[in-house]
Amino acid sequence: MAKIKTKWVCQNCGYETAKYIGKCPDCNNWGTLVEEVEVKTNSQTQSVVIDDNPVCLINEIEITESIKLPSGFEELDRVLGGGLVQGSLVLLAGDPGIGKSTLVLQTAGNICKQGKKLLYICAEESGSQVKLRAQRLNVNSDNLYVYSQTNLEAVITQIDTLKPEILVIDSIQSIYTSNISSTSGSVSQIRECTNALMDIAKNKNITVVVIGHVTKDGNIAGPKVLEHMVDTVIYFEGDKYKSQRLLRSIKNRFGSTNEIGVFNMVENGLEEVTNPSELFMKERTETATAGSVIIATNEGTRALLVEVQALVGATSYPSPRRVSTGVEYNRLLQIIAVLEKRIGLNLSKHDVYVNVIGGIEIDEPAADLGIALAIATCFRDVVVDPNCVIIGEISLSGEIRNVSNLEKRIYEAQKLGFKKAIIPKQNKKLSGNFEIEIVEVPNLMHAIRVCVSKK
């Protein structure tokens, strides 16, 4: 006979405890523990497991080429590694209102045009609400089936009946299984439902796309183990008050995790941006100001040109403020320390604000030189040549170190009409003929001298 016990589970991180505590010791959040029923079978009960998969040698395993289905969006296919892999489980996460359902519904319409049968499970909306959005997005197909349901067992029944090639769950937090007594959205429900969907994807060879919400901290709602269960995890990012949207992969078993896709939210849905550099800099004024520079960053196989702005002013606080948006905070502190020690800038009584335009998160060292020049020029109230692109990593000694994929960065700058590129002197010899002027700098002091002009 089964023994019924209860446990307390954190709805943010999945931490489990036998009794209630106000603060979760794992994620340090208050009031996130919820009581759930845990069913344990008697130790004397034996279960028979039927294993249809034989044990075989690794040399005897036959490799079958994965079939990748184009999504209809080149930007989405870039992030996925070429398309949706047959039999894979994809998790799409993002903030509320960012456009996850819009992206999935448009992709569903594109896939159905290829003759594929798709089942769309709308667990948060009615069928008529999905139809209204489909009309606005101009999505209409005889292969797109919509099913408004939250019970997983009912969904599985429809899968066996329709036998779709693509399954979309919107969203996983609203789906529940009758095998667990806890409410939908709890850690146990999310874990169990995702595990069942993974079995469907692998055993029935159905591509499953799951939409997931994120918490206020930016993590996927539910246990972190959810990311380890799926094949691909994609984040849909951006400011809901602006039109730019970024699609970023943080886990992909079938492709690179360094690629990003860029979209623009318009009245009729999402439009992919084939030239992100032009989008990020279209609002840049022709007359540059002090503290504004253009850097060439690398996102996967794509080179992007983005604008970095810095603001330096006398502080009114006991200790100066350091604020960074789009730049890793500790990296900013390191660059400021190099400027103070190697260049002689006294920033101990000044607030420093650094912002990357367009919502891009820059985490590669090749942006160091551009950030340093933005801070230094704002402090000295001089202007960087607006036709100049800055590329380089700064060491603690003030030297400019080499970067990867330099040719791609320079070609992108040349394509957008820039006249000069500041690059590290230590970089290997460039392969290719460039019409843009190449200036090699050995250290930070030399870089400041060659790229600034008087206002």
Side-chain angles (χ1 to χ4, degrees), residues 70-84 90-111 120 124-125 130 133-134 136-139 168 170-172 209-221 227 232-252 255-284 297-308 325-327 355-363:
S71 64
F73 287 119
E74 293 183 2
E75 294 296 302
L76 179 56
D77 291 339
R78 176 195 296 271
V79 177
L80 291 172
L84 291 166
V90 180
L91 175 62
L92 175 64
D95 295 326
I98 204 66
K100 301 185 296 298
S101 299
T102 300
L103 175 63
V104 170
L105 191 56
Q106 285 186 262
T107 304
N110 296 335
I111 292 175
Y120 189 99
E124 298 180 347
E125 298 175 297
V130 176
R133 186 189 301 115
R136 178 175 60 88
L137 301 176
N138 196 22
V139 174
V168 175
D170 186 8
S171 67
I172 189 61
V209 179
V210 174
I211 294 179
H213 300 303
V214 299
T215 62
K216 60 181 180 181
D217 297 328
N219 299 319
I220 297 177
E227 297 184 5
T232 305
V233 180
I234 300 175
Y235 274 90
F236 204 36
E237 306 170 347
D239 189 346
K240 62 182 179 180
Y241 300 107
K242 295 183 179 180
S243 61
Q244 291 84 9
R245 299 290 188 271
L246 298 179
L247 200 63
R248 189 186 305 272
S249 174
I250 64 172
K251 176 189 176 182
N252 193 354
S256 173
T257 57
N258 296 321
E259 299 289 351
I260 67 168
V262 184
F263 292 85
N264 198 24
M265 180 66 78
V266 295
E267 183 179 357
N268 297 326
L270 289 166
E271 290 182 351
E272 52 186 347
V273 179
T274 57
N275 191 352
S277 299
E278 186 176 358
L279 173 66
F280 294 144
M281 294 191 299
K282 69 178 182 179
E283 297 180 358
R284 187 171 186 251
T297 183
N298 199 51
E299 294 287 347
T301 59
R302 166 187 283 168
L304 295 179
L305 285 139
V306 295
E307 181 182 0
V308 175
T325 303
V327 179
N355 179 40
V356 181
I357 303 300
I360 290 286
E361 295 285 340
I362 298 177
D363 55 3

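All heavy atoms count here, side chains included; hydrogens, waters and symmetry mates do not.
- The side chain to side chain donor-acceptor pair (under 3.5 Å) check on Asp77 picks up Ser71, with sequence neighbours excluded.
- Between Glu124 and Ser171, the shortest heavy-atom distance links the atoms OE2-OG, 2.7 Å.
- The shortest distance between side-chain heavy atoms of Gln106 and Leu76 does not fall below 4.5 Å.
- In this structure Phe263 satisfies the ring-ring contact (aromatic ring centres under 6.0 Å, His included) test together with Phe73, sequence neighbours excluded.
- Scanning for side chain to side chain donor-acceptor pair (under 3.5 Å) contacts around Glu361 gives an empty result, with sequence neighbours left out.
- Annotation: side chain to side chain donor-acceptor pair (under 3.5 Å) contacts of Arg136 (sequence neighbours excluded): none.
- Scored by the salt bridge (Lys or Arg N to Asp or Glu O under 4.0 Å) test, Glu299 finds Arg248 as partners (sequence neighbours excluded).
- Looking at heavy atoms from C-beta onward, Ile360 lies in side-chain contact with Ile260 at the 4.5 angstrom threshold.
- Atom OG of Ser249 and atom CG of Leu92 lie 11.0 Å apart (nearest 0.5 Å).
- Distance CD1/Ile362 to OG1/Thr325: 11.5 Å, rounded to 0.5 Å.
- Here Val139 pairs with Ala134, Leu137, Leu144 under the side-chain contact (heavy atoms from CB on, under 4.5 Å) rule; sequence neighbours left out.
- Taken from CG in Asn275 to CZ in Arg302, the straight-line distance is 8.5 Å, to the nearest 0.5 Å.
- Side chains of Val209 and Thr107 form no contact here, defined as non-hydrogen atoms less than 4.5 Å apart.
- The two residues Gly99 and Phe236 make their nearest non-hydrogen contact at O-CE2, 3.5 Å.
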Would you mind writing out the side-chain donor-acceptor pairs for residues 265-274 within the sub-3.5 Å range, not counting sequence neighbours?
from: Glu272; atom 1: OE1; to: Glu74; atom 2: N; distance (Å): 2.8
from: Glu272; atom 1: OE1; to: Glu75; atom 2: N; distance (Å): 3.0

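- Partners of Thr232 by side chain to side chain donor-acceptor pair (under 3.5 Å), not counting sequence neighbours, listed by chain and number: Asn252.
- Within the 4.5 Å cutoff, no side-chain heavy atoms of Leu105 are placed close to those of Asp170.
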Quiz item: side-chain contact (heavy atoms from CB on, under 4.5 Å) between Arg245 and Leu103: does it pass, once the steps are laid out?
Solution: CA-CA 11 Å; Arg245 299 290 188 271; Leu103 175 63; over 6 Å; no
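- Evaluation of the side-chain contact (heavy atoms from CB on, under 4.5 Å) rule for Asn298 yields Ala303, Glu364, Asn405, Arg409 as partners, not counting sequence neighbours.
- Judged as a side-chain contact (heavy atoms from CB on, under 4.5 Å), and not counting sequence neighbours, the contacts of Val210 are Leu89, Leu91, Ile169, Ile172, Leu197, Val208.
- For the pair Pro276 and Leu304, the tightest heavy-atom approach, listed with the atom from each and the gap, is CB-CD2, 3.5 Å.
- A donor-acceptor pair is defined here as one N or O able to donate and one able to accept, closer than 3.5 Å; no such pair exists between the side chain of Lys100 and the backbone of Tyr235.
- A distance of 11.5 Å separates CZ of Arg78 from CG of Leu247, quoted to the nearest 0.5 Å.
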